[in-house]
S.K.: 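Below is a structure I'd like to ask you about.
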Amino acid sequence: MRDRALGLRRPTLADLVDFEYRFFLDERLTLREVRERDAALGLRIGSREGDRRALCLRWLDALRAEGAPSPGERVEHARQLVGAILAIVGFSLGASLVGGWLALTREPVNVLYFWAITVGLPLVTLLLWLVAVLPKTWVRWLPGLGGLRALLRAVGPAVPALVARVSGVWPFRAAPRDEWRAFWARLRGLDWVYGPARFWLAVELTQRLVLAFSLGAVGAFVALSYATDPSFGWRSTLLSPSEVHAATQVVSAPWSWAVPGAALTLAEVRDTRYSSLDLRYTGVGWPSDRSRTSRRGEAWAAWWPFLLVSMLFYALVPRLLTNAFSRWKANRFIRRAPLDHADFQKLVERLRRPPVDTRSPTAEEHPPDLALDARVTGPSAPLEGTCQVVLWEGVDLDEPEVRRRVEGRLGTEVGGVFSVGGVDLEPDARVLQALARDAKADAIAVLVEAWEPPSGDYLDFLAELRRHLGKGRIVTVLLFDRDGRGRPAAPSAERSRPWLQRIAAMGDPWLRVLPLVEEEAQ
Amino acid sequence: MSGAVFVVVGHVNRGKSSIVSTLAADETVEIGTMPGTTRHVREYPMRVADRVLYTLVDTPGFERARQVLAWLRERERATADRHRLVREFLAEHRGSGRFREECELLEPILAGAAILYVVDGSVPFNPRYEAEMEILRWTGQPRMALINPIGSEDHIREWRTVLDQYFSLVRVFDAHGAGFEHRLQLLRSVRELNGVWWTDLDEAIAILEEDRRHNLRESAGVIADLLSDMLRHTEQRKLTPDAAPEPYRKTLSDRFYENLRRREEKARDALGQIYAHTSLEVAQEDLGPVSDDLFDLSTWNRLGLSRGQLTAMATMTGALVGGGVDVAAGGATFLLGALIGGAVGLASGLYAWDRLAEARVLGQPLGGKLLQIGPMTNRNFPWVVLDRALLYHEVIANQAHARRGVLALPELDGGRGLVAGLDPSARRNIEDCFARLRKRPTAMAVDEIRRELAHWIAEVLEERDAGREGAPLAP
């Protein structure tokens, strides 16, 4: 059920940020670490089912469930905070501008200025918005608009940069500052993927500012009209009342049929014209000219509904629409984010590969380092008397050659040659007893195959031999080897080293290891 | 343990761990010349999700086989007693310390595992080994012998004569030289030991093959990333308007080449990790072309495409473009377009053969100058990089995990690298990607080209891998 729900889930801004942040962190891991992690996650989330995007989202959810850092939520909070700040700033600007204008001016408000600021300016920015959001091909043929569009879009990154900066400030920052900066730099490099979402998020924030401005302006306009009696008129040296009336008719054309009270008559326009000379320099006219005041009293208020509907129609409502449209576009891009750039592809590849592991889950115990005791390799005094030779079964030398080589190597006479080391243990036991009985032999030479490792069989025999001989009698293990042509040869260091180490580990001071054939004799 | 279990046993220090390391693709297995390197049983289960399809068990080697056999024979009254006696031996000596190794290795066998008995085919047979074989026979479990030729001498025939008497299956398996296909061949062989395991082992083989394909694709992605980065790489330094660029050129140039080298090294690391070879020592002097200096032009004579191949490709591309003009003109140009295009292509191919990266001084919109080294303009450069990557991949992807130390490169076919022998259509497709990468594409286009390049390289890798189905294991 949960999987199904996750499969239908669409990505959010926080998801996209978290995906990229995870990919950013993964760059520091080895491929093996990433593979192992994703193989384990893939097992949990059912990586072979569902489409690619759903799989990626399940992967992200699983990572979050494991407590992986999720800076996406913080970025989303930072975006909301920036949006809220812009809304407050916009509302304050609109409300203070209109409120101050209406409350503080002692003359009638000149509607030409007032309209230009509260309606005209938002209209201009609306046009700029249109230029910025129109497809490139639409503005290509209009001279100058292409450049203007490019300029506006270049300014756009300032808003996400602001979000980035806010996200980098505690408590929004999810990582050390340098890391966070590097992460944002990486995101900028992925503008070709997330550019549309970034652009529409920026547009949405700017529209929020202007919408809040218009709301503040309209709110102050309505609120102050209850508590004070702002009067509206117009003055112009160049414009005549008929021209101004014609202009108001054009402006109010969209609603004049439905709200006739919000459209002005020519008489009202003419009656509300005033001049700076009216009061200050002639001493006649409004407001001292009582007859004119009473005659035109209603006309001074006739502008109010016109201005209110103008602000609603040309400033507020379009901003509501552009704000909603921008938000819809941003969300649409985010929800439909393809999640298929190279990192996503690699992720899916990792998740979809068979979760196979043939390695051991346990660590291997390291063998102890055996010391090389100099006593087993170092020179020893020449043997005196006779030496009995114990010939291990794999040493394929006939007896005369054994005698010749051992006598040559140890410088002592060879007494007898005994064979041991066959499958059957009986001969070994007999040889041990014979050697124990032979008190004449001063030393024992055990001739072994150097290519065989010194297994327990050899070591046990040597230990038994010592037990039968007692302390003091020298036992020399002679390592016999052959070269590539089959000739007797000195064993390589690789072959003799295990013998030296394991025999040294036996701790027998009268036991030594020598090559049967000395290296220089080859 | 569930699924098939194979216990790898043998005389001490006879390459059991090497075989396990290669079969389990696990480079953490301790392999040493000292007897007793493997002190305890260690399991290598092949896990797929939460299932185990088979388990390899590495064991300490036989240390006192003659004594064990003597103990068993002493108590034998009838042939039917043998399996029971081995159990009794285990019960009596388990934990005693005297026959620690034998107890460790016999335990999983008596629990029902099949036996893979390993001998070293490079040392002579010794009748003493018959004690080990005899003990294993007494267990009554299915068993197979593997002759692992560790050294240079060849005693395989001698061994085979004896092993055939004790084992139903005998195979030669060089743990240090076995590639992926040999691994699978061995798995196919061991499935014959017990019909009950066929399903699991067939599934295991299929999954390993699929995993191999993923590895090849992942490697292709790594190589495509490498090529895409190296072909577009530049180093820049801002200069004041009156600064002379010459003093900075050398430093910037050194940094440019050093960063390219590092990038290649990073890709090699990634390839090593894909195939679980993270600790292989790469000795440069032994690596031949792969370790040659990337910017040593003498290397380029052996790797990459030959001058003739490059020029031919450039000529053909030019002629195709010119031919397009001819077609557009309805043939009124009398193939002049193709001729001119071909000539331009030929000239550019000849001109760009031995050029490396350009150093350029660019003007800056807000004043000042920008000294830029790169991107690499030599047309053979991406082919050399690709060749080096393919050679490296060839080695690493087919390296047995028992092999430690220095990598060995394959012999260059005819003294040239791998790309010179690529199918012409594959070469054209790859060159097309290179050409588009050289044109400073947008980030979106780079992503697209990278995918395309990875696709073509994956085809090359898969084709080469399919052609590597090594010789069957000698029966």
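Convention: sequence-line order gives letters A, B, ...; per-chain numbering from 1.
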S.K.: With a 4.5 angstrom heavy-atom cut-off, could you sort out which part of R98(B) is near chain A: side chain, backbone, both or neither?
M.R.: side chain
S.K.: Going by side chain to side chain contact (heavy atoms under 4.5 Å, CB included), name the residues that satisfy it together with R467(A), two or more places apart in sequence or in a different chain.
M.R.: E464(A)
S.K.: In sequence, state the C-alpha distance, the side-chain angles, and the governing distance for H214(B) and R35(A), and then conclude on side chain to side chain contact (heavy atoms under 4.5 Å, CB included).
M.R.: CA-CA 12 Å; H214(B) 278 276; R35(A) 260 165 79 161; over 6 Å; no
S.K.: If we define contacts as heavy-atom pairs under 4.5 Å, which of V48(B), L56(B), L23(B) has the most with chain A?
M.R.: V48(B)
S.K.: Taking R47(B) for its side chain and T358(A) for its backbone only, find out whether a donor-acceptor pair lies under 3.5 Å.
M.R.: no
S.K.: Tell me the residues of residues 445-455 of chain B whose non-hydrogen atoms fall below 4.5 Å from those of chain A, in number order.
M.R.: D447(B), R450(B), R451(B)
S.K.: Side chain, backbone, both or neither: which part of L69(B) has a heavy atom under 4.5 Å from chain A?
M.R.: side chain
S.K.: Is there any residue in residues 338-345 of chain A with a non-hydrogen atom under 4.5 Å from a non-hydrogen atom of chain B, and which ones are they?
M.R.: D340(A), H341(A), A342(A), Q345(A)
S.K.: Do you know which of A39(A), G422(A), G394(A), G42(A) has the most heavy-atom pairs under 4.5 Å to chain B?
M.R.: G422(A)
S.K.: Whether D457(A) and R66(B) form a salt bridge (side-chain N of Lys/Arg under 4.0 Å from carboxylate O of Asp/Glu) is what I want to check.
M.R.: yes
S.K.: Of the backbone (N, CA, C, O) and the side chain (C-beta and beyond), which part of L31(A) lies under 4.5 Å from a heavy atom of chain B, both, or neither?
M.R.: both
S.K.: Once rounded to the nearest 0.5 Å, what's the spacing between atom CZ of R495(A) and atom CG of N13(B)?
M.R.: 11.0 Å
S.K.: Given side chain to side chain contact (heavy atoms under 4.5 Å, CB included), test R359(A) with T28(B) step by step and report yes or no.
M.R.: CA-CA 8 Å; R359(A) 293 168 303 157; T28(B) 68; 5.9 Å; no
S.K.: Rounded to the nearest 0.5 Å, how far apart are NE2 of H11(B) and OG of S455(A)?
M.R.: 4.0 Å
S.K.: Please name the pair of heavy atoms, one in E210(B) and one in R352(A), separated by the smallest distance, quoted to 0.1 Å.
M.R.: OE2-O, 4.5 Å
S.K.: Between E134(B) and chain A, which part of the residue has a heavy atom less than 4.5 Å away: side chain, backbone, both or neither?
M.R.: neither
S.K.: Between NZ of K346(A) and CZ of R217(B), what distance do you get to the nearest 0.5 Å?
M.R.: 14.5 Å
S.K.: Between D269(B) and R32(A), is there a salt bridge with N-O shorter than 4.0 Å?
M.R.: no
S.K.: Is a salt bridge present between E218(B) and R350(A), judged by a nitrogen-to-oxygen distance below 4.0 Å?
M.R.: no
S.K.: Of the non-hydrogen atoms in R42(B) and S360(A), which two are nearest, and what is the gap between them?
M.R.: NE-OG, 3.2 Å
S.K.: Tell me the residues of residues 120-130 of chain B whose non-hydrogen atoms fall below 4.5 Å from those of chain A, in number order.
M.R.: V123(B), P124(B), N126(B), P127(B), R128(B), Y129(B), E130(B)
S.K.: Which residue out of D428(A), D357(A), D191(A) racks up the most heavy-atom pairs below 4.5 Å with chain B?
M.R.: D357(A)
S.K.: Between T442(B) and chain A, with a heavy-atom cut-off of 4.5 Å, which part of the residue counts as in contact: side chain, backbone, both or neither?
M.R.: neither
S.K.: Can E27(A) and K266(B) be counted as an ion pair, charged N to O under 4.0 angstrom?
M.R.: no
S.K.: Nearest 0.5 Å, what's the OG1-OH distance between T362(A) and Y44(B)?
M.R.: 7.0 Å
S.K.: Could you look at R73(B) and say if it's the side chain, the backbone, both or neither that has a heavy atom under 4.5 Å from chain A?
M.R.: side chain
S.K.: Go through the atoms of L208(B) and report whether side chain, backbone, both or neither lie under 4.5 Å from a heavy atom of chain A.
M.R.: side chain
